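The structure displayed is predicted, hence computed values, not measured ones.
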Amino acid sequence: MLPPTDQQTPTAAVFRAPDVQPLESALAEMQILLEQHGYVVVVCPSSVDPALEQRLHAVRSIMESDRVALLKSSLPPLGIAVLVRQLRQLSVCDFSPGVVASAARLLSHYIYAGAVLNSVARLDRVPVSLKAHLKGWMPGSQFAVLAAPNPQLLKIGPDAEPLAGPEFATQLLLAKGQLQSDWPTTVLAPGWQVQGVQEAALPADSPRWWGTGKLVEFAAYLPDISVVYQLVASVRREKCHWCGMELIGDRCGFCSAPLPTAENHTLPARVP
């Protein structure tokens with residue numbers, strides 16, 4: 001988890017795998033969180049261990065609580081860490097829990113997450129061409145990979161095309177693994193015209209997600225919480241027809257029920 005940006009940003013709780021955290025401990029932890037905060041929004045990667053995902057569903061089911069939202073994200077680990085911190089920032093604003101939970105899908109589109117890798121041989125999260133695989137066998141090769149919002153892969157070199165970056169002001173977060181590369185700071189940051197560059201610890205799951213420990217992971221994001229607030233506030237709010245929670249977008253963050261589509265009724269003649 002990324003550190004808070006200010007004193008108002010709450011910290012995050014981390015649920016551990018079933019082999020290191022007994023069910024009773026997980027239940028007690030969830031109960032404490034609900035008593036302290038009222039609602040809990042759990043964010044986990046789409047590649048989460050099935051045993052941990054089953055544990056989370058079991059905890060919510062045993063507690064019979066409709067105040068726990070379970071959200072899955074396809075962002076890379078560092079991108080998820082950025083998303084979680086933004087949700088933590090929104091949680092102290094005047095948004096309802098339902099809006100905070102459903103804002104995760106919206107904010108994911110504004111996080112540009114990728115990595116510099118020494119090999120794409122074991123990369124299965126982003127489409128990799130046969131040509132890129134063959135180039136990966138060349139000594140000293142490095143690849144720039146953008147996983148979100150739109151996948152892109154290129155071999156780093158003097159004639160390489162730039163990665164498609166954001167068209168809005170961002171800050172760049174770097175997490176260095178076992179790869180020595182200044183490409184993110186000398187090429188990517190100037191090309192994307194980021195407002196600043198910061199460093200964070202490499203997420204523990206990053207080597208597995210990217211298929212190698214020789215990487216530098218990066219994520220460009222909206223750094224100003226007031227801009228994030230306005231972005232979320234500008235979206236029309238609806239009420240979930242199933243659980244009654246407030247939401248933005250087309251799906252409830254708590255019960256996952258989709259927003260019903262408006263039916264087109266044809267009225268008889270002369271009937272207003």
- Query: Any donor-acceptor pair under 3.5 Å linking the side chain of Ser74 with the backbone of Ser46?
  - Reply: no
Side-chain donor-acceptor contacts of residues 31-45 below 3.5 Å, not counting sequence neighbours, with atom names and distances?
unit_1	atom_1	unit_2	atom_2	d
Gln31	NE2	Glu35	OE2	3.1

- Item | Verdict with reasoning, Gln21 to Glu29, per side chain to side chain donor-acceptor pair (under 3.5 Å) | CA-CA 10 Å; Gln21 184 180 35; Glu29 184 176 357; 2.8 Å; yes
- Which atom names give the shortest non-hydrogen contact between Cys255 and Cys252, and what distance separates them? N-SG, 3.5 Å
- Query: Which pair of non-hydrogen atoms, one from Leu222 and one from Ala169, has the smallest distance, and what is that distance?
  - Reply: CD2-O, 3.6 Å
Report all side-chain donor-acceptor pairs from residues 237-246 shorter than 3.5 Å, counting only partners two or more places apart or in another chain.
unit_1	atom_1	unit_2	atom_2	d
Glu238	OE2	Arg236	NE	3.0
Glu246	OE1	Ser96	OG	2.7

- Query: Would Val216 end up clustered with Leu153 when hydrophobic side chains under 4.5 Å apart are linked, directly or stepwise?
  - Reply: no
- Pairwise distance CZ(Arg105) to CG(Leu107) - rounded to 0.5 angstrom: 12.0 Å
- Message: Set out, in order, the CA-CA distance, both residues' side-chain angles and the distance that settles side-chain contact (heavy atoms from CB on, under 4.5 Å) for Leu90 and Val228, then state yes or no.
- Response: CA-CA 8 Å; Leu90 291 177; Val228 176; 4.0 Å; yes
- Nearest heavy-atom neighbours spanning Pro76 and Glu217: CB-OE2, 3.4 Å
- Task: Run the numbers on Val227 and Ile225 for side-chain contact (heavy atoms from CB on, under 4.5 Å), then give the verdict.
- Result: CA-CA 5 Å; Val227 176; Ile225 184 57; over 6 Å; no
- Message: For Thr212 versus Lys214, what's the shortest heavy-atom pair and its separation?
- Response: OG1-N, 3.1 Å
- Flag the pair Pro207 / Trp209 as yes when at least one side-chain heavy-atom distance between them is below 4.5 Å, and no otherwise. no
- Item | Lys72 atom NZ, neighbour heavy-atom count above 12 within 6.0 Å | yes
- Message: Quick check for you: to the nearest 0.5 Å, what is the distance between Leu71 atom CG and Arg251 atom CZ?
- Response: 11.5 Å
- Say whether, by atom type as modelled, one donor and one acceptor occur between the side chain of Ser25 and the main chain of Pro22 under 3.5 angstrom. no
- Nearest non-hydrogen partners of Trp183 and Ala144, listed with the distance: CH2-CB, 3.6 Å
- Looking at Ala189 and Leu172, what are the two nearest heavy atoms and their distance? CB-CD2, 4.1 Å
- Between Arg85 and Pro3, is there a donor-acceptor pair closer than 3.5 Å when you use the side chain of the first and the backbone of the second? yes
- Message: Do Pro4 and Arg88 make a side-chain contact, defined as non-hydrogen atoms from C-beta onward lying under 4.5 Å apart?
- Response: yes
- Message: Is the shortest side-chain heavy-atom distance between Leu117 and Leu179 below 4.5 Å?
- Response: no
- Message: Less than 4.5 Å apart, side chain to side chain, heavy atoms only: is that true for Ser91 and Pro10?
- Response: yes
- Query: Is the closest side-chain heavy-atom distance between Pro223 and Gln195 below 4.5 Å?
  - Reply: yes
- Examine Phe168 together with Tyr110 and report whether their ring centres are nearer than 6.0 Å. yes
- Item | Side-chain heavy atoms of Leu123 within contact of Trp210, under 4.5 Å | yes
- Derivation and outcome, side-chain contact (heavy atoms from CB on, under 4.5 Å), residues Val187 and Ile156: CA-CA 10 Å; Val187 177; Ile156 294 178; over 6 Å; no
- Query: Got a sec, which pairs hit side-chain hydrogen bond (donor to acceptor under 3.5 Å, both in side chains) with one end in residues 163-179, sequence neighbours left out?
  - Reply: Gln171-Tyr221, Lys176-Glu199
- Message: Evaluate Asn118 against Ser141 for side chain to side chain donor-acceptor pair (under 3.5 Å), listing each step before the verdict.
- Response: CA-CA 6 Å; Asn118 76 319; Ser141 296; over 6 Å; no
- Below 4.5 Å, heavy atoms only, C-beta onward: do Leu106 and Val235 meet side chain to side chain? yes
- Query: Is a donor on one side and an acceptor on the other found under 3.5 Å between the side chain of Ser108 and the backbone of Ala104?
  - Reply: yes
- Query: Sub-3.5 Å donor-acceptor pair from the side chain of Ser102 to the main-chain atoms of Gly98, do we have one?
  - Reply: yes
- Message: Between Asp66 and Arg60, is the salt bridge (Lys or Arg N to Asp or Glu O under 4.0 Å) condition met? List the steps.
- Response: CA-CA 8 Å; Asp66 56 358; Arg60 185 172 65 173; over 6 Å; no
- Message: Working to the nearest 0.5 angstrom, can you tell me the gap between Ile248 CD1 and Ser234 OG?
- Response: 8.0 Å
- Item | Leu23 side chain near Leu27 side chain, heavy-atom distance below 4.5 Å | yes
- Given the rule that I, L, V, M, F, W and Y join up when any side-chain heavy atoms are under 4.5 Å apart, are Val232 and Leu83 in one cluster? yes
- Are Leu2 and Tyr112 connected in the hydrophobic side-chain network, where two residues link if heavy atoms are under 4.5 Å apart? yes
- Query: What about Val82 and Val194, same hydrophobic cluster or not, with Ile/Leu/Val/Met/Phe/Trp/Tyr joined at side-chain heavy-atom distances under 4.5 Å?
  - Reply: yes
- Query: Is there a side-chain contact (heavy atoms from CB on, under 4.5 Å) between Gln198 and Leu174 once you walk through the steps?
  - Reply: CA-CA 6 Å; Gln198 294 184 344; Leu174 300 179; over 6 Å; no
- Give a yes or no on whether Val14 and Leu78 share a hydrophobic cluster (residues Ile, Leu, Val, Met, Phe, Trp, Tyr; joining criterion: side-chain heavy atoms under 4.5 Å apart). yes
- In this structure, CZ of Arg16 is separated from CZ of Arg55 (nearest 0.5 Å) by 10.0 Å
- Query: Would Thr9 and Asp6 count as having a side-chain donor-acceptor pair, cut-off 3.5 Å?
  - Reply: yes
